[in-house]
Protein chains: 2
Amino acid sequence: MAVGPDEDTRARSGGDEVEAPVRTDAPWFARPEPKPLLRTERIVEAAHALVHAGGRDALSIRDLERVLGVGASAIYRRVGNKDQLLIAVTDLVLSQAELPPQTMPWNDALWQLSLALHHALKEHPHVHPILDSHVLATPATARLACCAIEILGRAGLKGDELGDAYNGWIGYVLGFSIIENLPAQPVDERDEMRRWIHAYVDRLDADAFPSVLASRASVLNTTFGLRWDAGIFGARGGSFRWGLTAVIDRIANRGPRAG
Amino acid sequence: MAVGPDEDTRARSGGDEVEAPVRTDAPWFARPEPKPLLRTERIVEAAHALVHAGGRDALSIRDLERVLGVGASAIYRRVGNKDQLLIAVTDLVLSQAELPPQTMPWNDALWQLSLALHHALKEHPHVHPILDSHVLATPATARLACCAIEILGRAGLKGDELGDAYNGWIGYVLGFSIIENLPAQPVDERDEMRRWIHAYVDRLDADAFPSVLASRASVLNTTFGLRWDAGIFGARGGSFRWGLTAVIDRIANRGPRAG
DNA sequence: ACCTGAACACCGTTCAAGT
DNA sequence: ACCTGAACACCGTTCAAGT
């Protein structure tokens with residue numbers, strides 16, 4: 001994925017047989033802008049734009065060809081395959097998360113880092129399917145991991161205990177964020193599902209499920225279900241902080257418990 | 001997705017032009033077994049088998065045609081589209097998680113339910129991509145959610161507090177489980193990535209990243225990174241329990257904290 | 001009513017050929 | 001060295017036609 005040192009300005013030649021659409025956003029005498037030669041960066045940015053607009057399945061090499069104005073082989077000369085392109089897009093998104101300064105107390109820093117990560121993933125839900133079907137070893141992920149591990153070190157953890165805490169923390173932050181934001185559903189599907197859920201809850205045996213019925217409004221309006229209506233209502237804003245508090249408390253007051 | 005009441009035994013007729021391969025696992029005089037007519041259940045099971053064997057992308061309608069010995073239209077008459085088929089497969093997997101008895105104390109029950117869910121997802125990593133790209137409202141997910149909410153109710157939670165705790169819990173359990181198990185990687189890619197990670201850590205500034213280097217072995221062998229080597233080493237077995245302890249402790253000693 | 005065979009409109013990736 | 005155009009081997013889904 002090295003970026004070639006090619007910087008050129010020759011325009012791509014076009015056949016005369018096809019009539020291009022007339023541009024009205026520039027004077028009639030304007031020549032088409034010379035296309036900058038293909039660089040990996042441009043490919044990744046274009047891919048990001050497509051994924052951002054329409055989700056993972058909206059990215060096709062064929063569309064990239066059209067957007068970039070090049071053939072498929074020109075793309076494959078830089079990126080290997082579509083999966084690696086998706087990983088590059090994810091790296092781009094994660095590189096935008098801001099790290100807390102090293103001088104900050106560990107618990108403030110962990111709060112800030114968690115919220116930054118949560119925010120980045122919330123802004124870019126389209127990369128979630130990539131996060132959980134690819135192993136990511138990129139500059140952006142390594143940078144985030146090292147930052148988090150240093151924070152845990154400042155909290156006094158080390159060795160395997162640090163490993164468990166790190167995994168528990170990243171599992172929660174990434175996992176919750178991924179689970180929280182689902183791609184938008186078609187409206188009619190959404191309504192049908194909502195009716196199904198309401199009917200399900202209304203048909204429950206009041207003796208067997210008193211708590212579900214007692215907290216009916218909260219259950220139907222704000223909880224994930226097992227993802228069952230995240231796409232409809234989303235989670236309560238406070239839920240992410242609820243679990244994060246649990247994790248950070250456990251780091252502060254550590255030692256085996258609960259089991 | 002209703003199952004048709006069709007039960008019949010007529011064999012599918014085949015043209016005489018194509019010579020079928022000779023079966024040696026049955027006597028020479030054996031006639032081909034009459035194919036049971038297509039039922040939705042059979043489609044879902046066949047789809048499950050394909051997904052289980054080769055992951056999400058290994059399921060194609062074309063393969064299903066071949067496995068089931070029917071045309072595509074026969075399948076589309078029962079399942080609508082491929083996404084719904086994948087949802088049905090996930091429902092099948094989740095329906096196998098065993099629920100704790102209602103008489104069990106809330107914290108034991110929550111441990112047991114969490115581990116059952118974690119186990120089911122660990123056994124069937126192929127459904128993870130489905131879990132985070134589809135809204136699931138199915139009998140199995142509703143059953144699990146209602147069970148968990150009742151447990152939280154027994155712990156004394158209700159209303160929005162119950163909602164937050166439920167979301168935090170399910171976010172952790174599902175999220176961690178999804179993040180933990182990645183599809184296997186090709187060996188050479190794996191080795192290349194491992195070398196990259198080691199080189200990255202070895203090049204770190206010792207003053208800026210003392211904790212990463214002090215816990216080097218643990219960091220390289222057992223932590224998720226940001227998924228960076230989960231596919232290589234997996235998480236420490238204890239990490240799931242570490243975070244679950246955090247969540248359950250928070251439920252037991254509730255009230256706002258940490259922030 | 002239920003299925004088949006063939007088609008439609010796409011994919012990701014590769015390969016010979018051009019400059 | 002870098003690109004084009006065309007091909008290869010697939011997809012999910014639909015539709016007329018059969019029984």
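So that the names make sense, note that chain A is the first sequence line, chain B the second, and so on, each numbered from 1.
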Completion exercise
When rounded to whole Å, the CD to C1' distance for the pair A:Gln84 and C:dT13 reads 13 Å
Practice task
Examine B:Phe176 together with A:Phe176 and report whether their ring centres are nearer than 6.0 Å.
Solution key: no
Fill in the blank from the handout: Rounded to whole Å, NZ of A:Lys82 lies from P of C:dT14 at a distance of 14 Å
Practice task
Searching all strands shown, indicate the nucleotide that pairs with D:dA1 (Watson-Crick or G-U wobble; both distances under 3.5 Å).
Solution key: C:dT19
Handout entry: Interatomic distance, A:Met193 atom CE to A:His198 atom NE2 [nearest 0.5 angstrom]
Key = 12.5 Å
Exercise for the section: To the nearest Å, give me how far apart CZ (A:Arg62) and C1' (D:dA9) are. Expected result: 12 Å
Exercise for the section: For residues A:His124 and A:His48, establish whether the separation of their ring centroids is below 6.0 Å. Expected result: yes
Practice task
Would you kindly compare A:Gly80 and A:Asp63 by the position of their nearest DNA chain C nucleotide and give the one closer to the 5′ end?
Solution key: A:Asp63
Practice task
Give one of base, sugar-phosphate or nothing for A:Leu64, where a contact means two heavy atoms less than 4.0 Å apart.
Solution key: nothing
Fill in the blank from the handout: Among the nucleotides C:dG12, D:dC11, D:dT4, whichever has the atom closest to the side chain of A:Val70 is D:dT4
Exercise for the section: Rounded off to whole Å, could you give me the OH-to-C1' distance for the A:Tyr76 and C:dG12 pair? Expected result: 4 Å
Exercise for the section: Take A:Arg77 and A:Ala72, find for each the nucleotide of DNA chain D with the closest heavy atom, and name the residue whose nucleotide sits nearer the 5' end. Expected result: A:Arg77
Problem - Within 6.0 Å of CD in A:Glu192, more than 12 heavy atoms from elsewhere - result: no
Handout entry: Polar contact flag, side-chain donor to acceptor under 3.5 angstrom, A:Glu180-A:His118
Key = yes
Practice task
Please report, rounded to the nearest Å, how far the P atom of D:dG12 is from the CG atom of B:Leu59.
Solution key: 7 Å
Exercise for the section: In whole angstrom, give the distance that lies between atom CG of B:Leu68 and atom P of C:dT4. Expected result: 11 Å
Practice task
Nearest whole angstrom, please: distance from the P of D:dC3 to the CZ of A:Arg42.
Solution key: 10 Å
Completion exercise
Here the distance between atom P of C:dG12 and atom CG of A:Asn81, to the nearest Å, is 11 Å
Completion exercise
Checking N1-N3 plus N6-O4 or O6-N4 for Watson-Crick, or N1-O2 and O6-N3 for wobble, each under 3.5 Å, the partner of C:dA7 is D:dT13
Problem - Below 4.0 Å: OP1/OP2 of C:dA1 and any side-chain N or O of B:Arg78 - result: no
Exercise for the section: Select base, sugar-phosphate, or nothing to describe what B:Ser73 touches, counting heavy atoms under 4.0 Å on all strands. Expected result: base
